[in-house]
Amino acid sequence: MGTVVESANQGAGTLPTNKKVTVIFVLGGPGSGKGTQCTNIVENFGYTHLSAGDLLRAEIKSGSENGTMISNMIKEGKIVPSEVTIKLLQRAIQENGNDKFLIDGFPRNEENRAAFELVTGIEPECVLFFDCPEEEMERRLLGRNQGREDDNIETIRKRFKVYMESSLPVIEYYNSKGKVRKIDAAKHVGEVFEAVKAVFAPADEKVAA
Ligand SMILES: Nc1ncnc2c1ncn2[C@@H]1O[C@H](COP(=O)(O)OP(=O)(O)OP(=O)(O)O)[C@@H](O)[C@H]1O
Ligand SMILES: Nc1ccn([C@@H]2O[C@H](COP(=O)(O)O)[C@@H](O)[C@H]2O)c(=O)n1
Ligand SMILES: [Mg+2]
């Protein structure tokens, strides 16, 4: 498994205001544990976590003119038009003092991927892929209990279908570019994080540990 080495240019992108940032995309099926592991990465490696789903849910709560459309899409497990999600991500990056971001749950389809690259010029440093069997993801989502409107069996099945048809091809695209770091996400949280740490910790630190 490769390591994440911060460098001046590789994997960094420049936003319109010339803010130079390092971005890691965090992908995997619904309930694979992306948010859980991002919290661990933030605490240990100084990244800022941006969840596309959380930004969309906050946009609904803010009373935005797009709120009803976003809410309907989420209830149906569908992917919101890229321009909406990218604007939210761009704003969050610009407003944050950090220059290292975990972008969780994005890009979700080819349109997300291509539009983000075109608008921001950002290429991810790497893609963390949380690989988990569907039956385990279903069990986790049904037990999550966070009041999410899409954590019901009907919507969960739609989300799995969208994941298989639209999101997996994006992971395959990055895999073909050698950017994917695949993690077995079916294990316990602590074990999954051990595998995540191996991606982030530079090789010399691993030897010293
Ligand atoms: N390795 C794990 N083993 C068991 N339960 C887990 C594990 N990782 C996360 N969970 C639990 O599974 C549920 C889903 O986790 P999480 O919210 O991190 O997934 P996610 O990939 O962000 O999902 P979504 O795509 O729906 O946002 C949560 O209740 C979380 O506590
Ligand atoms: N790039 C994205 C990300 C998410 N959505 C919508 O939000 C829902 C929840 O996303 P989570 O990552 O929090 O599970 C998702 O099912 C989509 O409806 C999106 O449209 N585009
Ligand atoms: Mg999540």
Side-chain angles (χ1 to χ4, degrees), residues 1-28 32-62 64 70 80 82-108 112-130 146 167 170-171 174 177-183 185 189-190 192-206 208-209:
M1 192 176 294
T3 55
V4 175
V5 181
E6 285 168 45
S7 60
N9 295 309
Q10 207 192 19
T14 309
L15 287 164
T17 55
N18 276 341
K19 179 174 177 179
K20 207 165 203 186
V21 293
T22 296
V23 161
I24 294 179
F25 289 146
V26 181
L27 302 177
S32 57
K34 302 180 294 296
T36 303
Q37 295 301 331
C38 282
T39 301
N40 287 334
I41 298 166
V42 166
E43 282 169 11
N44 287 271
F45 298 104
Y47 279 74
T48 293
H49 175 206
L50 299 178
S51 155
D54 286 351
L55 290 170
L56 290 167
R57 285 182 282 274
E59 186 69 358
I60 298 170
K61 278 202 187 138
S62 77
S64 136
I70 297 171
V80 172
S82 298
E83 60 180 84
V84 173
T85 315
I86 290 171
K87 262 189 202 144
L88 296 174
L89 286 169
Q90 268 191 303
R91 191 168 67 197
I93 291 170
Q94 291 291 0
E95 287 175 358
N96 197 291
N98 202 350
D99 61 357
K100 301 193 300 183
F101 296 90
L102 301 167
I103 301 193
D104 159 7
F106 184 99
R108 211 63 158 229
N112 272 185
R113 186 199 67 73
F116 184 80
E117 201 179 301
L118 190 72
V119 171
T120 68
I122 295 172
E123 269 258 342
E125 176 89 28
C126 70
V127 174
L128 269 187
F129 167 38
F130 290 100
Q146 287 176 0
S167 309
V170 174
I171 295 165
Y174 284 118
K177 298 185 93 186
K179 295 220 166 197
V180 171
R181 309 288 177 265
K182 184 171 162 178
I183 307 283
V189 173
V192 177
F193 189 53
E194 285 306 310
V196 168
K197 277 199 275 192
V199 174
F200 282 82
D204 51 352
E205 272 184 31
K206 277 193 284 178

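Quick note: numbers below take in every heavy atom, side chains included, and nothing from hydrogens, waters or symmetry partners.
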Any chance you could measure [X], atom [atom1], to [Y], atom [atom2], to the nearest 0.5 Å?
X     : Y      : atom1 : atom2 : result
Ile41 : Phe193 : CD1   : CZ    : 6.5 Å
Phe25 : Glu123 : CZ    : CD    : 8.5 Å
Thr22 : Asp99  : OG1   : CG    : 6.0 Å
His49 : Ile103 : NE2   : CD1   : 10.0 Å
Leu55 : Gln90  : CG    : CD    : 12.0 Å
Leu88 : Ser51  : CG    : OG    : 11.0 Å

Could you check whether any side-chain heavy atom of [X] comes within less than 4.5 Å of a side-chain heavy atom of [Y], counting everything from C-beta outward?
X      : Y      : value
Ile183 : Phe129 : no
Ile24  : Val127 : no
Leu56  : Thr85  : yes

Is there a donor-acceptor pair under 3.5 Å between the side chain of Gln37 and the backbone N or O of Val189?
-> yes
Start with the C-alpha gap between Val21 and Ile93, add the side-chain angles, then the distance that decides, and say whether side-chain contact (heavy atoms from CB on, under 4.5 Å) holds.
-> CA-CA 8 Å; Val21 293; Ile93 291 170; 3.9 Å; yes
What are the two closest non-hydrogen atoms of [X] and [Y], and how far apart are they?
X      : Y      : result
Pro107 : Asn112 : CB-CB, 3.5 Å
Lys34  : Val26  : CD-O, 3.7 Å
Phe116 : Ile122 : CE2-CB, 3.8 Å
Asn40  : Asn44  : O-ND2, 2.8 Å
Ala185 : Phe130 : CB-CB, 3.8 Å
Val180 : Ile171 : CG2-O, 3.5 Å

More than 12 heavy atoms of other residues, nucleotides or ligands under 6.0 Å from NZ of Lys177: is that the case?
-> yes
Any chance CD of Glu83 has more than 12 other-residue heavy atoms, nucleotides or ligands included, within less than 6.0 Å?
-> no
Note: Glu125-Lys100 ion pair, threshold 4.0 Å (strictly below) = no
Can Arg91 and Glu59 be counted as an ion pair, charged N to O under 4.0 angstrom?
-> yes
Criterion side-chain contact (heavy atoms from CB on, under 4.5 Å) on Val199 and Leu128, from CA distance to verdict = CA-CA 9 Å; Val199 174; Leu128 269 187; 4.1 Å; yes
Classify the ring geometry between Tyr47 and Phe200 as parallel (under 30°), tilted (30 to 60°) or perpendicular (over 60°).
-> perpendicular
